[in-house]
Amino acid sequence: MAGKYKVPRGTYDILPSESYKWQFVTNVFKEVAREFNYKEIVTPIFENNELFERSVGEDSDIVEKEMYKFEDKKGRIFALRPEGTAPVVRSFIENGLMLKPNSSKLYYFGPMFRYDRPQKGRYRQFYQYGIENIGSNDPYIDAEVISFAYMFLSKLGLKNFELQINSIGCKNCTQDYDNALKEYFTPYLNDLCSDCRKRLMKNPKRVLDCKVNTCKVNADNAPSMLDYLDENCKTHFNKVQEYLKQINIPFKVNPKIVRGLDYYSQTAFEFIDTNLGAQNTLIGGGRYDGLAEQLGGKNMPGIGFAGGFERLLLSMEEEKLSFGKQQTPKVYLITLGNEAGATGIKLIMELRMNGISTAFDPDKTSMNAQMKTANKTGAEFALILGEDELKKGKIILKNMANGEQKEINITDIINSLKDK
RNA sequence: GUGGGUGUAGUUCAACGGUAGAGCACCGGAUUGUGGUUCCGGGCGUUGUGGGUUCAAAUCCCAUCAUCCACCCCA
């Protein structure tokens with residue numbers, strides 16, 4: 001019975017049969033945030049277009065072709081947020097959070113928007129969770145942020161994932177490295193794909209993770225970023241690895257990890273699902289020490305990560321993990337006859353007022369239909385109120401699991417349900 | 001933005017040029033006041049949309065939209 005309208009391309013509805021899963025993972029995420037002492041920050045879904053163009057990078061794919069840009073009635077140019085870090089840093093600067101206590105460890109979640117061709121694990125409106133730790137460049141913080149992600153995935157029960165880390169250096173190392181790459185690849189120019197020939201000029205590091213075979217082969221022997229790190233970046237990266245070892249978080253160094261957003265520096269990491277489809281990055285993150293300054297704030301280091309809920313759910317389903325229980329009512333009320341019905345609806349109010357979740361369906365009248373519905377709602381108890389009971393001032397309390405039932409005084413019902 | 005696959009009932013699928021069907025789910029009944037099992041009954045759904053070919057189209061062709069998978073990119 002398709003109606004007139006359909007959801008826009010690349011978007012979807014989270015239906016009741018699915019929403020409890022989202023609630024489950026969100027709650028686990030919030031729980032981990034509490035354990036790490038991170039606090040929630042909520043920023044608008046749209047921001048000044050420039051915020052993203054400046055931070056994410058004008059040459060990045062996100063800005064070049066994936067942003068939902070629009071103009072409002074006064075001609076201001078906004079964009080639906082394609083990612084969460086820039087808005088958080090913007091808010092951090094704008095609200096002077098560096099001067100406020102307990103405000104530098106932040107988490108967020110919500111929808112992000114990218115105009116991209118939908119496929120498995122990729123949507124136009126997708127949901128991210130993420131954290132940002134702003135104000136410290138201590139390598140311990142890098143390890144802590146990584147451990148947050150690791151703990152989150154672990155608490156959900158995920159096993160088929162792998163942590164890969166890299167250091168992409170600071171501006172200084174990057175420049176040397178870029179030059180080295182250009183030098184290295186130039187003799188092989190004809191073997192590279194057309195994209196990579198362009199990349200070599202604009203962003204040579206991208207050639208490294210190209211999937212075209214000839215590019216891959218050539219990239220295998222390319223100079224490694226790690227050899228071009230300056231002393232400072234090198235010791236930083238080494239310390240991050242030491243910390244990770246100390247807290248028993250397994251990782252692989254993958255010098256080919258390149259982040260697509262311009263603001264990253266030094267530590268970059270990804271949690272990869274080892275048996276998902278092509279879109280297998282569960283969580284991606286890294287350090288962005290230059291971002292705050294770039295956005296007009298003080299020079300402040302920061303590091304964070306973001307993950308996609310969709311891929312998380314895919315992985316969890318792949319590994320057949322539990323999403324907790326679906327919400328069920330404690331009580332389903334069955335009434336027979338008009339008088340019982342009238343008393344019943346008053347009783348429902350009382351039950352709910354006392355925190356007892358109660359379901360009732362006025363469209364069902366026969367005992368049979370009401371019992372069936374009670375069963376389907378998964379209610380723990382059925383309360384049966386008919387004319388016989390009404391006369392006696394009683395009500396039947398039936399345990400749906402074992403079928404046992406007893407008559408009790410209507411006036412006692414709240415109390416006897418409360419301690420069950 | 002590029003390539004390939006797919007669009008039939010709520011859902012999973014069948015029918016592949018000649019009257020649109022099944023499982024599951026859903027609703028009702030058997031049980032006029034007791035569920036989960038069982039049995040019986042209940043489906044006209046613009047065959048995604050718009051064109052075209054044909055005596056005849058879910059079926060062939062074209063377009064379009066959507067979806068899936070991959071490229072690209074990323075979460």
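Chain naming here is simple, since letters A, B, ... match the order of the sequence lines and numbering starts at 1 in each.
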Handout entry: Toward the 5' end of RNA chain B, by each residue's nearest nucleotide, Asp363(A) or Leu385(A)
Key = Asp363(A)
Problem - Nearest-nucleotide comparison on RNA chain B, the residue closer to the 5′ end among Val7(A) and Met371(A) - result: Met371(A)
Nearest of [options] to any side-chain atom of [X]?
X         : options                : value
Arg9(A)   : A75(B), A66(B), C71(B) : A66(B)
Lys120(A) : A75(B), C69(B), C73(B) : C69(B)
Asp61(A)  : C73(B), A75(B), U34(B) : C73(B)
Thr281(A) : C74(B), U34(B), G29(B) : C74(B)
Arg311(A) : U34(B), G29(B), C74(B) : C74(B)

Base-pairing assignment for [N] (Watson-Crick or G-U wobble, both under 3.5 Å):
N      : answer
U59(B) : none
U53(B) : none
U64(B) : G48(B)
G1(B)  : C71(B)
G41(B) : C27(B)
G36(B) : none

Would you measure the distance from the [atom1] atom in [N] across to the matching atom in [M] and give it in whole Å?
N      : M      : atom1 : result
C40(B) : C44(B) : C1'   : 24 Å
A9(B)  : G50(B) : P     : 16 Å
A22(B) : A14(B) : P     : 16 Å
U54(B) : G45(B) : C1'   : 25 Å
C74(B) : G1(B)  : C1'   : 16 Å
U12(B) : C71(B) : P     : 25 Å
C39(B) : G18(B) : P     : 34 Å
U49(B) : G7(B)  : C1'   : 11 Å

Exercise for the section: For Asp227(A), enumerate each residue passing the side-chain contact (heavy atoms from CB on, under 4.5 Å) test, keeping only those at least two apart in sequence or located in another chain. Expected result: Ser224(A)
hbond_proxy [X] side chain to [N] base (donor-acceptor, 3.5 Å cutoff):
X         : N      : value
Arg122(A) : C72(B) : yes
Glu389(A) : G33(B) : yes
Gln370(A) : U34(B) : no

So [X], base contact, sugar-phosphate only, or nothing? Heavy-atom distance under 4.0 Å.
X         : result
Ile334(A) : nothing
Ala306(A) : sugar-phosphate
Gly403(A) : base
Ala401(A) : base
Glu83(A)  : nothing
Gly285(A) : nothing
Ile384(A) : base
Tyr123(A) : base

Please report the distance, rounded to the nearest Å, between [atom1] in [X] and [atom2] in [N].
X         : N      : atom1 : atom2 : result
Arg114(A) : C74(B) : CZ    : P     : 8 Å
Met400(A) : U37(B) : CE    : P     : 12 Å
Lys376(A) : G28(B) : NZ    : P     : 7 Å
Leu313(A) : A75(B) : CG    : P     : 18 Å
Arg117(A) : G5(B)  : CZ    : P     : 13 Å
Asp116(A) : C71(B) : CG    : P     : 12 Å
Gln279(A) : A70(B) : CD    : C1'   : 9 Å
Leu383(A) : G35(B) : CG    : C1'   : 15 Å

Completion exercise
The ring-ring contact (aromatic ring centres under 6.0 Å, His included) partner of Phe70(A) among Phe46(A), Phe113(A), Tyr115(A) is Phe46(A)
Handout entry: Donor on one side chain, acceptor on other, Asn137(A) and Asp289(A), under 3.5 Å
Key = yes
Problem - Plane angle bin for Phe305(A) and Tyr129(A) - parallel if under 30°, tilted between 30 and 60°, otherwise perpendicular - result: perpendicular
Handout entry: Asn368(A) side-chain N/O to G33(B) phosphate OP1/OP2 under 4.0 Å
Key = no
Handout entry: Other residues, nucleotides, ligands: >12 heavy atoms within 6.0 Å of Lys252(A) NZ
Key = no
Fill in the blank from the handout: Closest non-hydrogen contact found for Ile93(A) with Met300(A) is CG1-CE, 4.5 Å
Exercise for the section: May I ask you to check whether Phe323(A) and Trp22(A) place their ring centers less than 6.0 Å from one another? Expected result: no
Problem - Face-to-face contact Phe126(A) to A75(B) six-ring, under 5.5 Å, under 30° - result: yes
Fill in the blank from the handout: In this structure, OG1 of Thr411(A) is separated from NZ of Lys394(A) (nearest 0.5 Å) by 9.0 Å
Practice task
Would you check, one step at a time, whether the test ring-ring contact (aromatic ring centres under 6.0 Å, His included) holds for Tyr332(A) with Phe360(A)?
Solution key: CA-CA 6 Å; Tyr332(A) 187 93; Phe360(A) 172 71; 7.2 Å; no
